[in-house]
Amino acid sequence: MITVLAFAQLREAFQTDQLKLELERSTLSELRTLLEEQFPEAKNTLKNSRFALNQSYQMDESTPVKSGDEIALIPPVSGG
Amino acid sequence: MIHVSHEVIDLNVLIKHVSCPEAGAVSTFSGIVRNHNKGKGVLYLEYEGYAPMAEKELQAISEEAQQKWDLHQIAIVHRLGRLEIGESAVAIAISSSHRKDGLNALQFVIDTLKVRIPVWKKEYWEDGSMWLENCCA
């Protein structure tokens, strides 16, 4: 079980701020593909979103996710 | 003093925090909710954030500024939740011996946090609302 934290537009598209997925082993790239399939209406926002792994941006999506990792999807930011 | 909060920001608290006898300059910035954006009237904003990561990124940005310029202290507070017109969404205070370092660091901090920290604002108008985007990757 993998939990992905979602914010802003993605939280609204997923209708939850904590999306739970039945996945044993996965890379971030595989996770992205799965989300695009499950939420086609959010495809554009997903394409422009970055992953954060344990509260740091993770641009290398070949990175595997392991149990205990905190994964978040970061849509285009607009702080400040 | 680097954090996100739902509390009203008091810039004087930040100023007091960074002030010290060595500092010849305290540079401050306050980002305020304005009543217009791209020709549309804005009623209010809602800020959402991934708080622990936002604080981590703010801390990193502060350390980068400390590396680049000769500074004493940096304080940054970003507010979350519903903000009305005229309220401060983000405040920065930087103390330095000399003003040039402080002013340059100030510009760097606000410009950088706007494209990096995991915080999002939703803009509300009479006839709808929209999540804004400062940048993508």
Side-chain angles (χ1 to χ4, degrees), chain A residues 2-21 27-33 35-36 39-63 65-80, chain B residues 2-5 9 29-34 37-38 42 45-61 76-81 83 88-92 106-123 129-137:
Chain A
I2 281 178
T3 302
V4 179
L5 303 180
F7 302 91
Q9 311 92 310
L10 289 179
R11 173 181 56 73
E12 290 175 350
F14 298 167
Q15 299 197 335
T16 176
D17 59 0
Q18 288 191 49
L19 192 64
K20 298 195 189 295
L21 298 164
T27 62
L28 290 177
S29 177
E30 287 162 352
L31 185 52
R32 180 184 285 283
T33 303
L35 290 169
E36 283 175 2
F39 300 97
E41 71 282 8
K43 195 167 187 181
N44 279 334
T45 305
L46 278 166
K47 277 205 163 5
N48 291 324
S49 298
R50 298 174 271 182
F51 277 110
L53 191 57
N54 301 319
Q55 301 177 8
S56 292
Y57 286 111
Q58 179 51 268
M59 303 309 283
D60 179 1
E61 298 198 1
S62 66
T63 308
V65 296
K66 53 188 197 307
S67 167
D69 278 338
E70 180 167 304
I71 305 161
L73 261 172
I74 312 290
V77 299
S78 49
Chain B
I2 294 178
H3 59 257
V4 305
S5 163
I9 296 176
F29 175 82
S30 184
I32 316 268
V33 179
R34 63 176 190 270
N37 191 26
K38 301 191 174 158
V42 175
L45 299 183
E46 267 177 2
Y47 279 89
E48 183 174 332
Y50 181 12
M53 184 177 166
E55 292 186 344
K56 200 172 165 183
E57 287 293 314
L58 285 174
Q59 190 64 48
I61 292 167
I76 312 170
V77 179
H78 198 305
R79 192 160 153 211
L80 300 178
L83 269 80
S88 173
V90 62
I92 306 165
L106 190 64
Q107 175 122 64
F108 168 80
V109 170
I110 183 61
D111 287 351
T112 305
L113 79 83
K114 281 177 82 71
V115 298
R116 219 159 105 182
I117 67 169
V119 171
W120 301 268
K121 63 163 91 86
K122 193 171 191 182
E123 195 175 81
S129 62
M130 187 174 82
W131 289 102
L132 299 191
E133 301 181 2
N134 288 348
C135 97
C136 317

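Any value given below was found using the heavy atoms of this structure, including those in side chains, with hydrogens, waters and symmetry copies removed. Reminder, nothing fancy here: chain letters follow the sequence lines and each chain counts from 1.
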**Prompt:** Taking all atoms of both residues into account, what is the closest heavy-atom pair of M53(B) and I74(A), and its distance?
**Reply:** SD-CD1, 4.2 Å
**Item:** Per-residue contact mode, N54(A) against chain B (heavy atom under 4.5 angstrom)
**Value:** backbone
**Prompt:** Which answer fits V90(B), side chain, backbone, both or neither, if we ask what part of it has an atom under 4.5 Å from a heavy atom of chain A?
**Reply:** side chain
**Message:** Nearest 0.5 angstrom please: E133(B) CD to Q9(A) CD, how far?
**Reply:** 5.5 Å
**Message:** Can a donor-acceptor pair be found, under 3.5 Å and without considering hydrogens, that links the side chain of W120(B) to the backbone of F7(A)?
**Reply:** no
**Message:** Please classify the contact between S49(A) and chain B as side chain, backbone, both or neither, with a heavy-atom cut-off of under 4.5 Å.
**Reply:** neither
**Request:** Among E57(B), M130(B), R79(B), single out the residue with the greatest number of heavy-atom pairs under 4.5 Å to chain A.
**Result:** E57(B)
**Asked** What part of Y47(B) is in contact with chain A, defined as an atom under 4.5 angstrom from a non-hydrogen atom: side chain, backbone, both or neither?
**Response** side chain
**Asked** Closest heavy-atom contact between A6(A) and E48(B)?
**Response** O-OE2, 4.5 Å
**Message:** For V77(A) versus R116(B), what's the shortest heavy-atom pair and its separation?
**Reply:** CG2-N, 4.1 Å
**Item:** Nearest non-hydrogen partners of Y50(B) and A52(A), listed with the distance
**Value:** CE2-CB, 4.4 Å
**Flag, side chain of K121(B) to backbone of G80(A), donor-acceptor distance under 3.5 Å** = yes
**Fill in**
The interface call for L113(B) against chain A, heavy-atom contacts under 4.5 Å, is side chain
**Asked** Does E36(A) CD have over 12 foreign heavy atoms under 6.0 Å away?
**Response** yes
**Prompt:** Does CD belonging to Q15(A) count more than 12 external heavy atoms closer than 6.0 Å?
**Reply:** no
**Message:** Under a 4.5 Å cutoff for heavy-atom pairs, which residue among G49(B), P52(B), A60(B) has the most contacts with chain A?
**Reply:** P52(B)
